[in-house]
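A note on names: the letters A, B, ... follow the listed sequences, proteins ahead of strands, and every chain is numbered from 1.
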Amino acid sequence: MRRYSVFAIAREALRYHTGWERAWKSPAPKAAYDAIIVGAGGHGLATAYYLGKNYGITNVAILEKGWLGGGNTGRNTTIIRSNYLQDSSAAIYEKSRSLYETLSQDLNYNVMFSPRGVMMLAQTHHEVRGYMRTAHANALQGVQTEFITPQRVKELCPILNIEGPRYPVLGALWQARGGTGRHDAVAWGYARACSDMGMDIIQQCEVTGVRSEGGKVVGVETTKGYIGTKKLGIVVAGHSGQVAEMAGFRLPVEAVALQALVSEPIKPCMDIVVMANTVHGYMSQSDKGEMVIGGGTDGFNNYTQRGSFHHIEETLRALIETFPIISRLKMLRQWGGIVDMTGDRSPIISKTPLGNCFINCGWGTGGFKAIPGSGWAMAELMAKGEPGPLAAEFDMWRFKEGRFIDESVAAGVAH
Amino acid sequence: MLLLECPYCGVKAEETELSPGYEAHLKRYGPGSTDEEFEAYMFARKNPKGVHFERWRHTYGCGKWFLAARCTATLEVFGTYPAQVGEPPAEIIEKIKARRPDWKGYK
Ligand SMILES: Cc1cc2nc3c(=O)[nH]c(=O)nc-3n(C[C@H](O)[C@H](O)[C@H](O)COP(=O)(O)OP(=O)(O)OC[C@H]3O[C@@H](n4cnc5c(N)ncnc54)[C@H](O)[C@@H]3O)c2cc1C
Ligand SMILES: [Zn+2]
């Protein structure tokens, strides 16, 4: 792989950009691999990458039914933060956030991580208490956050209306090193690095069955034929229930649609991410100038990758109340993704009833921020067959045993 | 947009008039059940891509709970029916089979 650098740009500029090579190869599947990952979203690709980088396992295929990064990884609003409440969540989300800090250098691919700061508004006394508690918990966990005053909120984001008639801003939880990244670039960067290590990324290859013998997976049926494997990692977000069913077990996960939308581009007007959980909306501004907006999930099981229209209305109503200046902005595009929700709003990184089959899912509305950390932990689980400290608490049996990792508050507005 | 006909008052209700209540025909488990039974009831809900049976409440109408048969992959509605039944009525099953010949049936 030829590295991207300022010299490469200069060299190519002098020869009319004829020398750029493809970022990743598109090989035909081999008969068998040491490990197969189902799903080339951010989490699947990151899992493969750290399998290679941290454990030297490179005879790996990543199978994707559509195009890589075309699932939720390419549909999210890119908020990155680690201000969760429980210790096990803070550990994996902070690991992830800190990996994002150097991911562009690590992958030699600009993922445009922008630690511009994430602000979660407190607009009820209940929220004030909740976020103060989170700030204290974060201090103990070594995650840098602080509870700030309404005046500071206004300084950091002048377009915010802190004196709204319904829910005046009473303070906010502020994570200065949270921010955003370029979602596609995260998938593309990992894909390029995986391909460079000799892994096979096979797109348009849907897994349609899981073959097992004596309690172990031996391979998968796909639309490109049968492929054998020694280990299987299922990392398919909204379709986890389907693939788990192929493997013969049921997950405590339900699929619902989550939507986002962007406005027409306008001049720079906010340089942080603001989330307003009580009125239920959040907003940031992309480098192109579009306001990037997200809101609620549908309340029913749905696989259609488009949500109900009334949610858009509710989200915009909430945000116009919070940011009056956007009231005449036109919205350009709207889309949906199928998110995999667990009962405690925390992910599953787990062994399964099949000995050599592992699952990573349940990131729901908030797994973009977790891609590097999740891949790191999932690679450890797949390489060693046992979870390391980051994944240990996130097993799929915690629901049966009552060990919930309750993040329904920190997960807040769907993001 | 989802439109469901309330089997009690006959109103064709748009989804903002309704509240979703997730999986229908659940067998409830409480104290005295095994961990497996309780987990299956409480957390491991059915999550099919296709035919699904759900509870809905006509919140901003007559206020009653009813059940609906719906396809989660296309949002097609096969029918709605009153909630006082242990499993889907035969005519709903027939309607679904007519529309989805490969459907494996209610289990
Ligand atoms: C509108 C929206 C906004 C969001 N905003 C944020 C945010 O601001 N911050 C944040 O942290 N998170 C956010 N999220 C959540 C985040 O997008 C997801 O948690 C994350 O992208 C999940 O990544 P993944 O790799 O697990 O899944 P995906 O990117 O969905 O990848 C799974 C892949 O598996 C493939 N697949 C499925 N079935 C099969 C099969 N049978 N065979 C082969 N391949 C298969 C799919 O095609 C897909 O490409 C948002 C999500 C949505 C929908
Ligand atoms: Zn009614």
Side-chain angles (χ1 to χ4, degrees), chain A residues 65 206 208 236-246 249-257 296-314 317 336 338-346 348 353 361-362 364 395-406, chain B residues 1-4 13-27 29-31 33-60 65-78 80 100 102-104 107:
Chain A
K65 73 170 175 181
E206 179 171 357
T208 54
V236 292
H239 283 81
S240 301
Q242 274 62 55
V243 182
E245 201 178 299
M246 295 172 201
F249 58 94
R250 189 186 281 187
L251 285 171
V253 162
E254 290 187 74
V256 298
T297 51
D298 288 341
F300 51 87
N301 301 50
N302 186 353
Y303 285 89
T304 59
Q305 281 193 338
R306 68 188 138 94
S308 301
F309 185 73
H310 66 94
H311 282 300
I312 302 177
E313 205 178 359
E314 284 155 15
R317 197 192 302 145
I338 301 306
V339 295
D340 40 339
M341 308 296 282
T342 59
D344 60 1
R345 299 292 179 266
S346 286
I348 292 171
C361 67
D395 65 280
M396 62 183 268
W397 292 283
R398 69 177 186 269
F399 298 94
K400 188 174 77 191
E401 294 165 11
R403 292 180 281 108
F404 309 113
I405 305 168
D406 184 359
Chain B
M1 178 176 302
L2 201 56
L3 286 175
L4 296 176
E14 190 265 324
E15 67 174 279
T16 56
E17 199 174 320
L18 303 162
S19 309
Y22 292 91
E23 189 181 339
H25 305 302
L26 276 176
K27 183 160 162 28
Y29 290 91
S33 59
T34 65
D35 287 353
E36 286 72 21
E37 285 165 341
F38 189 73
E39 186 204 17
Y41 150 60
M42 194 70 193
F43 296 105
R45 298 281 171 90
K46 282 181 190 162
N47 181 29
K49 185 173 184 174
V51 178
H52 194 34
F53 299 89
E54 290 171 325
R55 306 167 71 224
W56 285 83
R57 183 168 177 243
H58 194 188
T59 315
Y60 299 103
W65 282 100
F66 63 91
L67 306 181
R70 206 171 56 83
C71 175
T72 62
T74 62
L75 298 191
E76 178 177 356
V77 178
F78 303 111
T80 55
R100 297 280 186 284
D102 311 338
W103 181 53
K104 293 196 189 79
K107 33 175 198 311

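When heavy atoms are compared at a cutoff of 4.5 Å, A:F309 does not approach chain B at all. For a residue to count as touching a neighbouring chain, one of its non-hydrogen atoms must lie under 4.5 Å from one of that chain's; by this rule A:E254 touches chain B with backbone and side chain alike. Only the backbone of A:M396 has a heavy atom closer than 4.5 Å to any heavy atom of chain B. Using a 4.5 Å cut-off between heavy atoms, A:F249 does not touch chain B at all. Using a 4.5 Å cut-off between heavy atoms, B:T34 makes no contact with chain A at all.
Across B:M42, B:H52, B:R70, the residue that shares the most heavy-atom pairs under 4.5 angstrom with chain A is B:R70. Between chain B and the residues A:T342, A:D344, A:N302, the largest count of heavy-atom pairs under 4.5 Å involves A:N302.
A:E401 has its side chain out of reach of B:E39: every pair of non-hydrogen atoms, C-beta onward, lies at least 4.5 Å apart.
Remark: A:H310 engages no residue in a ring pair (Phe, Tyr, Trp, His ring centres under 6.0 Å) (not counting sequence neighbours). In this structure, the ring pair (Phe, Tyr, Trp, His ring centres under 6.0 Å) partners of A:F300, at least two apart in sequence or on a different chain, are B:W56.
Rounding to the nearest 0.5 Å gives a distance of 12.5 Å between CD of A:E245 and NZ of B:K49.
With A:N301 contributing its side chain and B:N47 its backbone, the two residues share no donor-acceptor pair below 3.5 Å.
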